[in-house]
Structures are given as structure tokens and as C-alpha cells.
Undergrad: 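Shown below is the structure under consideration.
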Amino acid sequence: MTVGATKQRLGLLGGTFNPIHLGHVQAARIVKDRCRLDRVLLIPSFIPPHKEDREVASAEHRFKMVQLAVAEEPDFEASAIEIEALGTSYSIHTLDRIKDSYPEAEVFFILGIDAFMEIATWKDHEKVLDRCSFIVISRPGYSLEQARKVLGGRLEDRITDLSEDENLGAAPSSAGPAILLLEIDALDIASSEIRRRLQDGASISGMVAEHVREYIKEHGLYMTNQEILPTEIKLCVKAAGDKKAEDILVIDLRGISSFTDYFVIMHGNSNKQNQAIFEGLDYALKQKEIRPMSVEGKRHAEWILMDYGSFIVHIFSPTARAYYALEKLWGDGIKHTF
Ligand code: ATP
Ligand code: MG
């Protein structure tokens, strides 16, 4: 799409967005206005999932949160371009694909100074730098001037500080497309700080959009700090894991349910395995003098329910688990996945 005779000015803001926060959205808004961009794509990177790595939410969750954060911004769009590509995300590939989809557009890579300082580590960074303009924004704790030293000062000729330039910055010079520095009143928010707060059970209101906060809560993202769970729950998780129980989930029901504090939910792939999980759990807890008040469903092992009073263990078959959908029913509780 072109505006009159001028090319569409398209900004790309990539990131892990783990999760997206108000600092990202505010920065994108300022850049869009100051640099007169027509559109900004926010592009969450794909990160190969490692079961061990609980720090990074799945690509799907991160993408959905970006969608929620920009739902009210008509000129912003969550782009799944890197997530759909599945492999490790490289800017050079993203840029090629964007240029295919928007052949008419003038493309600007938007990034914080912290990210720009790492550009030497990008695959084919010389090519990326040759093929599009950059807008580098300030971030608390970093000096924007450091951009001039990147790659041994080789980019110096292409850099324009927008705070000293009334216009949109220098036209592309023979040295290559422009690199524009934009000092903004950046919010002092980082995703890593948000994750830390969630693990500590602290509030993140005012750091992310309200809908993003609700989404994080609903899906129990980042709240997987096992340390805050009671010992007997950790013991259950460990014993279940030893018997290869799948998708072990703890729901913290304190303040939500009157009959118990925690659900420990899992499934096994056969009745035999469920029996083994039951026996393993029963044994491990008995070692600590913790005995169930009642046990149901042991014979068919489709749904074994071990009621310990302050917590209840549910060992399901995959079908019964999907059918009873306890995790949905008790969706208000904080979830810990293992
Ligand atoms: P983490 O702490 O996990 O690294 P982050 O807050 O830095 O997360 P990223 O997804 O790594 O978020 O950042 C994506 C892009 O947004 C980067 O270019 C980064 O420099 C920029 N950015 C992140 N937070 C801010 C902010 N508060 N103000 C301006 N730019 C930001
Ligand atoms: Mg970062």
C-alpha cells in the first residue's frame, strides 16, 4: 500500500516479548509518530521449545499476548512471521520475507540500544544493515551514544541523532541506509523484571496491558517457582515424575476452594501406568507419614483420586483428563506446570 506517491513506511519491532510490556508498546507508539511510520509490525521470535526451560513461554502464548497488547492500536499488528517459520529466528530471513510481502514498503528495523549493541552477533548482520534503515531507541541504563561505537565505529557515517534533526533524519547516504537514533522517555520496564515479579508473587499491574495481565494469570505463565509450593506438593510432583506421569500440573486453590488448597493433576498413558503412579505417590508420601483420607477409582484407574485433605491428587487417563477438564473448571487458581 502506498500513501500518495510516497512509499509506505513500515516499522518492524522484533523481540522475545516474554512477555510484551508497556515499554514495548509505548516505544513503538513514539517511534511511529516521530518517524511518521504508517504501520508497525511487532514480531515475536520463535524459540525452539525446551521442556526444561520454563522461563520462556511458548511461542503461541507470547504471540497471543502481543495480539492482546496491540488490539486497540489500529496501526500496530502482531506478526506471526517468525513463529510460523519455526526454526531459530534470524532477522535476515525475516527481512527477506517482509520484503516479499511488502515489496513497496520502506522498511525500518526498530530496536532498543541494548539490542543494537549486540548486532555483531546476528547472522548476516552486514546484509541486514545494508538492506534496511534502523531506528535505535534509548533505554534506561544505556547511553544512546554507544550506538556510534557499534562494529568498531564502522556505522558512524550513517548515524543521525533525531533529537538534533527536525526532519525524519538523513536521506540514505552512499554509506548505506540511515541509522536513526531516537532518545525517548522510555519506561523502565523489562520482561525479565516482570518474570521475576511473577515468580515472587508480586504485582505486575502498570507494567503490562490489563488484558495481558489477565492472560498471564489465566494460563499461570512464569509462576512456576517450585520453591513457593509446600513440601508435600513438591514430593507429589517428584514421585509422579519418577513414574513418568505426564503434564503434571499443580493448581493453587487457596482462597478459591473451601475443601482443599491444592490440586495435583497428571495423566498416565495406560491404566497400568496409572496404578504405578498411584503406588509411587502413596509410597513416597507414606515415608513422610502423610496418608490419604480416601482413595477412589483405583480399580479402573481412569481417574484415581487421592484425597489428602489440604491437597488432592488426580491421576487421569488422557481421555478422562480431557473430559473432566479440571484445569478449566478451576481456571481461577494459580497454575504451576512441571
Ligand atoms: P528481557 O528482559 O527478557 O530481555 P525485554 O524487556 O528486553 O526482555 P525484549 O523482548 O528483549 O524485551 O525486547 C524487544 C525489543 O524492545 C528490543 O529491541 C528492546 O531493546 C526493546 N525494548 C524492550 N523494553 C523496552 C523499553 N522499556 N523501552 C524501550 N525499548 C524496549
Ligand atoms: Mg531484552
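Counting starts at 1 for both ligands and their atoms, in listed order. These numbers come from the heavy atoms of this one structure, side chains and all, not from hydrogens, waters or symmetry mates.
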Undergrad: Just by distance, no angles: are the side chains of His314 and Tyr324 close enough, under 3.5 Å, to form a donor-acceptor pair?
TA: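 No - no donor-acceptor pair under 3.5 Å links their side chains.
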Undergrad: Just to check, does Pro140 reach to within less than 4.0 Å of ligand 1 when the distance is taken from its heavy atoms?
TA: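 No, Pro140 has no heavy atoms under 4.0 Å from ligand 1.
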Undergrad: Counting non-hydrogen protein atoms only, what is the nearest one to atom 27 (N) of ligand 1? Give residue, atom name and distance.
TA: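 The closest one turns out to be Leu187 O, 2.8 Å.
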Undergrad: Within less than 4.0 angstrom of ligand 1, does Asn18 place any heavy atom?
TA: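 False for this residue.
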Undergrad: Which ligand 1 atoms does Ala190 reach within 4.0 Å, using its non-hydrogen atoms?
TA: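 This gives 2 (O), 6 (O) as the contact atoms.
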Undergrad: Counting only nitrogen or oxygen atoms and a 3.5 angstrom limit, does Phe17 reach ligand 1?
TA: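 So ligand 1 has an N or O lying under 3.5 Å from an N or O of Phe17.
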Undergrad: Side chain or backbone of Leu111 under 4.0 Å from ligand 1, or both, or neither, by non-hydrogen atoms?
TA: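 Both the backbone and the side chain of Leu111 come within reach of ligand 1.
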Undergrad: Are any of the N/O atoms in Leu13 less than 3.5 Å from those in ligand 1?
TA: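 No, since none of the N or O atoms of Leu13 sits under 3.5 Å from an N or O of ligand 1.
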Undergrad: Can you confirm, on distance only, whether ligand 1 has an N/O atom lying under 3.5 Å from any N/O atom belonging to Ile113?
TA: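 Min N/O separation from ligand 1 is not below 3.5 Å for Ile113.
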Undergrad: Indicate whether the side chain of Arg291 and that of Tyr308 have a donor and an acceptor atom separated by less than 3.5 Å.
TA: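 Side-chain D/A pair, Arg291 to Tyr308: absent.
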Undergrad: Below the 3.5 angstrom mark, is there an N/O of Thr16, backbone or side chain, next to an N/O of ligand 1?
TA: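 The answer is yes, given that Thr16 and ligand 1 share an N or O pair closer than 3.5 Å.
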Undergrad: Between Arg36 and Val31 (side chain of the first, backbone of the second, donor and acceptor by atom type, cut-off under 3.5 Å), is there such a pair?
TA: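 Not a single qualifying donor-acceptor pair exists.
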Undergrad: What protein heavy atom is closest to atom 2 (O) of ligand 1, reported as residue, atom name and distance in Å?
TA: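 Ranking protein heavy atoms by distance from atom 2 (O) of ligand 1, first comes Ser192 OG, 2.7 Å.
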Undergrad: Which residue owns the protein heavy atom closest to atom 13 (O) of ligand 1, what's the atom, and how far is it?
TA: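 So the nearest neighbour among protein heavy atoms is His24 NE2, 3.4 Å.
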Undergrad: Please work out whether any backbone atom (N, CA, C, O) or any side-chain heavy atom from C-beta onward of His21 is under 4.0 Å from ligand 1, and answer side chain, backbone, both or neither.
TA: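 Side chain only.
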Undergrad: Donor-acceptor pair, Arg321 side chain versus Phe316 backbone, under 3.5 Å?
TA: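 Not confirmed, Arg321 side chain does not pair with Phe316 backbone.
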Undergrad: Hey, is the main chain of Ser294 close enough, under 3.5 Å, to the side chain of Asp307 for a donor-acceptor pair?
TA: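 No; zero donor-acceptor contacts below 3.5 Å.
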Undergrad: I need the atoms of ligand 1 closer than 4.0 Å to a non-hydrogen atom of Gly14, numbered in the order shown.
TA: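 Taking each heavy atom of Gly14 in turn, ligand 1 has 14 (C), 15 (C) under 4.0 Å.
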Undergrad: Can you tell me the protein heavy atom closest to atom 30 (N) of ligand 1 and the distance?
TA: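 Answer for atom 30 (N) of ligand 1: Ile137 CD1, 3.7 Å.
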Undergrad: Can you figure out which of Glu118, Arg62, Arg139 has its heavy atom closest to atom 7 (O) of ligand 1?
TA: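 Looking at heavy atoms only, Arg139 sits closest to atom 7 (O) of ligand 1.
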Undergrad: Applying salt bridge (Lys or Arg N to Asp or Glu O under 4.0 Å) to Lys217 and Glu214, what does each step give before you reach the verdict?
TA: CA-CA 5 Å; Lys217 181 156 186 256; Glu214 284 162 12; over 6 Å; no
Undergrad: Ignoring angles and geometry beyond distance, decide whether Ala186 reaches within less than 3.5 Å of ligand 1 through its nitrogen or oxygen atoms.
TA: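 No; every N/O pair is 3.5 Å or more apart.
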Undergrad: List the steps, then state whether salt bridge (Lys or Arg N to Asp or Glu O under 4.0 Å) holds for Arg39 with Glu77.
TA: CA-CA 8 Å; Arg39 204 159 182 72; Glu77 191 186 320; 2.9 Å; yes
Undergrad: If you take the nearest heavy atom of each of Ala27, Pro44, Gly141, Gly112, which one is closest to atom 21 (C) of ligand 1?
TA: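 Among Ala27, Pro44, Gly141, Gly112, the closest heavy atom to atom 21 (C) of ligand 1 belongs to Gly112.
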Undergrad: Is it the case that the side chain of Asn274 and the backbone of Gly268 share a donor-acceptor pair, with hydrogens and angles ignored and the cut-off at 3.5 Å?
TA: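 Side chain of Asn274 to backbone of Gly268, a donor-acceptor pair under 3.5 Å: yes, one is there.
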Undergrad: State, with a plain yes or no, whether a side-chain heavy atom of Ile265 is found less than 4.5 Å away from one of Trp330.
TA: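 A side-chain contact under 4.5 Å is absent here.
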Undergrad: Under 4.0 Å and counting heavy atoms only, is there anything from the protein next to atom 4 (O) of ligand 1?
TA: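 Under the 4.0 Å cut-off, atom 4 (O) of ligand 1 has no protein heavy-atom neighbours at all.
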Undergrad: Which of the atoms of ligand 1 are close to Gly15, meaning less than 4.0 Å from one of its heavy atoms?
TA: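 Counting from 1, the qualifying ligand atoms are 10 (O), 14 (C).
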Undergrad: Between Asp188 and Arg139, does the salt bridge (Lys or Arg N to Asp or Glu O under 4.0 Å) criterion hold? Intermediate values first, please.
TA: CA-CA 7 Å; Asp188 194 3; Arg139 231 188 138 170; over 6 Å; no
Undergrad: Which is closest to atom 19 (C) of ligand 1 by heavy-atom distance: Ile30, Leu42, Asp114, Leu22?
TA: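 Checking each option, the heavy atom nearest atom 19 (C) of ligand 1 is found in Asp114.
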Undergrad: Whether the side chain of Gln26 engages the backbone of Leu22 through a donor-acceptor N/O pair (distance < 3.5 Å, no angle test) should be reported.
TA: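 Side chain of Gln26 to backbone of Leu22, a donor-acceptor pair under 3.5 Å: no, none is there.
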Undergrad: Going by distance alone, is a donor N or O of one side chain under 3.5 Å from an acceptor N or O of the other, for Thr94 and Glu82?
TA: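 Judged by distance alone, the side chains do pair up.
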Undergrad: Is the Tyr215 to His219 ring centre distance short of 6.0 Å?
TA: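 Judged by ring-centre distance (under 6.0 Å), Tyr215 and His219 do meet the cut-off.
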Undergrad: What atoms of ligand 1 come closer than 4.0 angstrom to any heavy atom of Gly23?
TA: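 Ligand 1 atoms under the 4.0 Å threshold to Gly23: 27 (N), 28 (N).
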Undergrad: What do we get for Arg195 next to ligand 1 when only non-hydrogen atoms under 4.0 Å count, side chain, backbone, both or neither?
TA: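 The answer is the side chain of Arg195.
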